[in-house]
There are 2 protein chains.
Amino acid sequence: MNVETITRPSLHVELLDRLRSLIVEGELPPGTKIPERSLCERYGVSRTPMREALKVLAVDGLVYLEPNRGAWVSKVTVEELEQVFPVMGALEGLSGELACERITDEEIAEIRKIHEAMVKHYKGRDLVRYFETNQAIHEAILAAADNQELSTMYRSLAARVRRARYMANMTDERWEQAVREHEDILEALEARQGLKLAKILREHLKSKFKTVRDWLEVQEPDSLN
Amino acid sequence: MNVETITRPSLHVELLDRLRSLIVEGELPPGTKIPERSLCERYGVSRTPMREALKVLAVDGLVYLEPNRGAWVSKVTVEELEQVFPVMGALEGLSGELACERITDEEIAEIRKIHEAMVKHYKGRDLVRYFETNQAIHEAILAAADNQELSTMYRSLAARVRRARYMANMTDERWEQAVREHEDILEALEARQGLKLAKILREHLKSKFKTVRDWLEVQEPDSLN
DNA sequence: ATATTTAATTTTGAATTCATAATTACGTCA
DNA sequence: TGACGTAATTATGAATTCAAAATTAAATAT
């Protein structure tokens, strides 16, 4: 009897991952037209699995489909993020609460380490590494919450937010504030104060939204769609 | 110039809606194998759009895909709902909070009406209509919250929960408690006490989960997948 | 030159086809 | 009878094909 069955993922799943990165990492910027044929050639697949992947990404909110007209990388608008951020706040708050209930001392120590690294990158003004470690902290809290449904939903929203390259817009003042908030996050986590952590995380997201909004209002003066 | 352009939705969207109903309404019960061919014949479409729809439903969590083996209506497990309910709680709590900020007196009056109807169905022990009006209240609060992202996510989870036909399992005691909780919901809403409403809604979901869990533990003694 | 039709081209939507994996049916042998 | 192996059948994954819609290019008129 075979226990260790090998299940090669189907093409559309593979494409899903790759397209998602392309979009989230900004290689395909918001508003870009996605012509099926050229993307298919790029990955050497036929249109069938490509179209399947695009349909999933459309439900995910990363792609915008117009019947008979094709697919675009969906834009990141202030109006959209105004709605996304409160939802993310609720989810990340829950993430903090659940994490405090379940997290082990070892996991906390691990997060503390990432936190210290993040502070180091802040002091060295290394924006890219700061962003990476920052994200790693939120991911670690999410992991500690140990809720797959929560993770999936949170990541889906986080991906959409990440496309706004707002980091470049962070003033020194806001950056400092973000780090301060992260100190509070660690503190609440180490004390396992779930409700407090939830509240801090929600507040943290609110100030993040301010940064993103300012950035978007510069980038996207008007424009429809 | 044509302003009123007609955009016929593509087949896969049409199928998406129909399949979703089939699954949520229980016509295709959890665990059912979904043979592509027969479903295609049922709707008179080819496999291409059907497969596109199935892939989307799989991301939604209503369908389970196994590579090279096909699609099944995903099962409703206690383990899954244990994760879904807290997330729903966070979302519905936010829904209550936002609703309290935005809701008009007229909208409140409308919800009060549905509430009265619900109480009437409770007294008449009309389970089906009770369930309908109950759901309508939560939908109305969600609508008042006026957040599309929130609505989408909430509905996706609610659909998965609805598939557990737990209502049949409601004891008189629990039913009474649910109605009592709904009285509190109305009260907090009319007083526009957002945080309180959020808390009540979360609690409300917790007791709902108890009912669902009891039902599932009878229905699904063990079983994998 | 600009606007407006009309034709050609391209792109998309969906059915069909083909290859491959999985399942079922059958036959053999202990 | 039942376990095992092999062939036949069926179902799925993905490429291809075909029809229809949209876009672009060309032609005509103003």
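Values below: all heavy atoms of this structure, side chains included; hydrogens, waters and symmetry mates excluded. Residue numbers start from 1 in every chain, and the chains themselves are labelled A, B, ... in the order their sequence lines are given, proteins ahead of strands.
As a whole-Å value, the separation of A:L15 CG from D:dA15 C1' is 14 Å. Regarding A:R47, its CZ atom lies at a distance of 12 Å from the C1' atom of C:dA15, rounded to whole Å. The nearest whole Å value for the distance from the CG atom in B:L11 to the P atom in D:dA20 is 14 Å. The nearest whole Å value for the distance from the CD atom in B:E52 to the P atom in D:dG13 is 14 Å. Here D:dA22 presents its P atom at 11 Å from CH2 of A:W72, a figure rounded to the nearest Å. C:dT12 atom P lies 5 Å from atom CD of A:E36, rounded to whole Å. Summarising the geometry, the separation between CD1 on B:I34 and P on D:dT10 is reported as 21 Å, rounded to the nearest angstrom. When the P atom of D:dT16 is taken as reference, atom CE of A:M50 falls 14 Å away, rounded to whole Å.
Minimum atom distance to the side chain of A:N68 is reached by C:dG13, of the listed C:dT17, C:dG13, C:dA14. Picking from D:dA15, C:dA14, C:dA22 the nucleotide with the shortest atom distance to the side chain of A:S46 gives D:dA15.
For C:dT12, one of the phosphate oxygens OP1 or OP2 lies less than 4.0 angstrom from a side-chain nitrogen or oxygen of A:K33. Put simply, A:R51 has no side-chain N or O that comes within less than 4.0 Å of OP1 or OP2 on C:dT12. Contact annotation: B:R69 side-chain N/O to C:dT23 OP1/OP2 distance is under 4.0 Å. Taking 4.0 angstrom as the limit, B:T48 places none of its side-chain polar atoms (N or O) nearer than this to OP1 or OP2 of C:dA14. An OP1 or OP2 oxygen of C:dT10 is reached within less than 4.0 angstrom by no side-chain nitrogen or oxygen of A:R37.
Taking the charged nitrogens against the carboxylate oxygens, A:E92 and A:R202 have no contact shorter than 4.0 Å, which rules out a salt bridge.
Annotation: side chain of A:V63 is not in contact with side chain of A:S74 (no heavy-atom distance under 4.5 Å).
Around the NZ atom of A:K206, the shell of radius 6.0 Å holds no more than 12 heavy atoms that belong to other residues, nucleotides or ligands. Annotation: A:R18, atom CZ; neighbour count of heavy atoms from other residues, nucleotides and ligands within 6.0 Å does not exceed 12.
In this structure, B:H204 and B:H182 have perpendicular ring planes: the angle between them is above 60°, well past the 30° mark.
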